[in-house]
There are 2 protein chains.
Amino acid sequence: MGTKHTGSASEVRALDAYIKLMRAADSVTARVTRALAKHDLTISQFGVLEALLHLGELHQNELGQKLLKSSGNITLVVDNLEKRKLITRERSSEDRRFVWVRLTKTGEAFIKTVFPEIVPVITDSMVVLSPFELEKMAEYLRQVGQRAAGPA
Amino acid sequence: MGTKHTGSASEVRALDAYIKLMRAADSVTARVTRALAKHDLTISQFGVLEALLHLGELHQNELGQKLLKSSGNITLVVDNLEKRKLITRERSSEDRRFVWVRLTKTGEAFIKTVFPEIVPVITDSMVVLSPFELEKMAEYLRQVGQRAAGPA
DNA sequence: GTTAGTTAGTTTAATACTAAGATAATCAGT
DNA sequence: ACTGATTATCTTAGTATTAAACTAACTAAC
């Protein structure tokens, strides 16, 4: 979105912040995507493995909420990880609507090597900010994200 | 990415900011996507029309750089807008590698009604921040985006 | 218990996107 | 002029994503 729009000052500020938000997200995502491609992983697949590593077994439902992806998409992402034997699926016996997703031994070893390789890719994008600035930015983004996630 | 990762303080800060960045971008994008769907527009299509409205005629190349999309994708996006007669294509006579993309009368009228409808969708996501905070966030995001867009 | 409503997951169809390669036009150096 | 490198666009093939429709399983109310 160009800066040529002539609206009120607050409109201009908001639109400018929007552009910067999208560009930053796109650029960081592109970097992470490239780094993950070496391991034949998409960001969503990485997100699933990482969540399982740090949070333990989860339902597909929980994974979908965590990654902000549709249930249909989670089905596919988990399918692909299952084919590579990085995770297992098991239908819950207590409530048969749920499916437990768990890391296999292989999957755990795999994500334990990939994760530390991705961390510096992310941190490097942030080194331009001081600790204080980084925390401020995170807090601002949290508020914006929460607002945007709200109704309408 | 969960908060369970135990790394250095600066790693934790950077990863947390990364999560917040992605969530905010996803949430705002989802809102804008829904608003544009009413007009059968994708975000990329809207981006092209908006750029043409505020910057005038552009080459596909310039559009690709502006929207951070691949040249192949721009071809498709412009194709679809051309089919709806919202833009025209014309190969440059000075340098025949370039293709000029311009708004048609219809396209200009169209984006002039859609744009003011999208602005409040964006600004509403930002109202939780003061003008000062919004400008700070934009500046931080600009720096992060520029860093991430850089080499490797 | 039966019915109605909700929730989890899967399937299907359509779309957007990228990467890689092909084509064509231009430019720089000889 | 000729060669090689660069640039812009288009094409192709493959993947990720969503929305919507569907099945299955649970819950609550009567």
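From a predicted model like this one, the values you see are computed outputs, not experimental measurements. Below, read A as the first sequence line, B as the second, and so on, with proteins coming before strands; counting in each chain starts at 1.
Side-chain contact, A:R147 with A:Q143: no donor N or O sits under 3.5 Å from an acceptor N or O.
Side-chain contact between B:R84 and B:Q45: present, with at least one pair of heavy atoms (C-beta onward) separated by less than 4.5 Å.
Regarding A:F46, its CZ atom lies at a distance of 18 Å from the C1' atom of D:dA16, rounded to whole Å. The interatomic distance linking B:D26 (CG) with D:dA16 (C1') rounds to 13 Å, in whole Å. Put simply, CG on B:L63 is 12 Å from P on D:dC10, counting in whole angstrom units. Here the C1' atom of nucleotide C:dA8 and the CD atom of A:E90 are 16 Å apart, to the nearest Å. Atom CH2 of A:W100 is separated from atom P of C:dG9 by 10 Å (rounded to the nearest Å). Atom pair B:N73:CG and D:dA16:P shows a separation of 17 Å (rounding to whole Å applied).
Considering only side-chain atoms of A:S71, the nucleotide from D:dT18, C:dA16, C:dG9 that sits closest is C:dG9. For B:V99, the listed nucleotide lying nearest its side chain is D:dC10; candidates were C:dG9, C:dC17, D:dC10. Side-chain atoms of A:R97 lie closest to C:dT6 of the nucleotides C:dT10, C:dT6, D:dA16. For B:F98, the side-chain atoms get nearest to D:dT9 when compared with the rest of C:dT18, D:dA16, D:dT9.
In this structure, B:T75 reaches the bases: a heavy-atom distance under 4.0 Å links it to at least one base atom across the strands shown.
Taken from CD1 in A:I111 to CD1 in A:I118, the straight-line distance is 8.0 Å, to the nearest 0.5 Å.
At D:dA8, one or more side-chain N or O atoms of B:N61 fall inside 4.0 Å of OP1 or OP2 (strictly under the cut-off). Look at A:R96 and you won't find any side-chain N or O under 4.0 angstrom from OP1 or OP2 of D:dT23. OP1 or OP2 of D:dA16 has not a single side-chain nitrogen or oxygen of A:S44 nearer than 4.0 Å. Distances shorter than 4.0 Å separate some side-chain N or O of B:R89 from OP1 or OP2 on D:dC10. Regarding contacts with the backbone of C:dT10, a side-chain N or O of A:Q60 is found under 4.0 angstrom from either OP1 or OP2. At D:dT18, none of the side-chain N or O atoms of A:K69 fall inside 4.0 Å of OP1 or OP2 (strictly under the cut-off).
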- Query: Given B:R89 and B:Q60, is the side-chain hydrogen bond (donor to acceptor under 3.5 Å, both in side chains) satisfied, shown in steps?
  - Reply: CA-CA 9 Å; B:R89 264 194 177 107; B:Q60 291 192 187; 2.9 Å; yes
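In this structure D:dC30 sits in a base pair with C:dG1, meeting the Watson-Crick or G-U test at under 3.5 Å.
Nearest-nucleotide mapping onto DNA chain C: of B:R91 and A:H59, the residue sitting toward the 5' end is A:H59. Nearer to the 5' terminus of DNA chain D, by closest-nucleotide assignment, is the contact made by B:L76 (compared with the other of B:L76 and A:Q45). When the nearest nucleotides of DNA chain C are assigned to A:T33 and A:I74 by heavy-atom distance, the more 5′-ward of the two goes with A:I74.
Between B:H39 and B:F46, the ring centre distance reaches or exceeds 6.0 Å.
Between A:H54 and A:F115, the ring-plane angle classifies as perpendicular under the 30° and 60° cut-offs.
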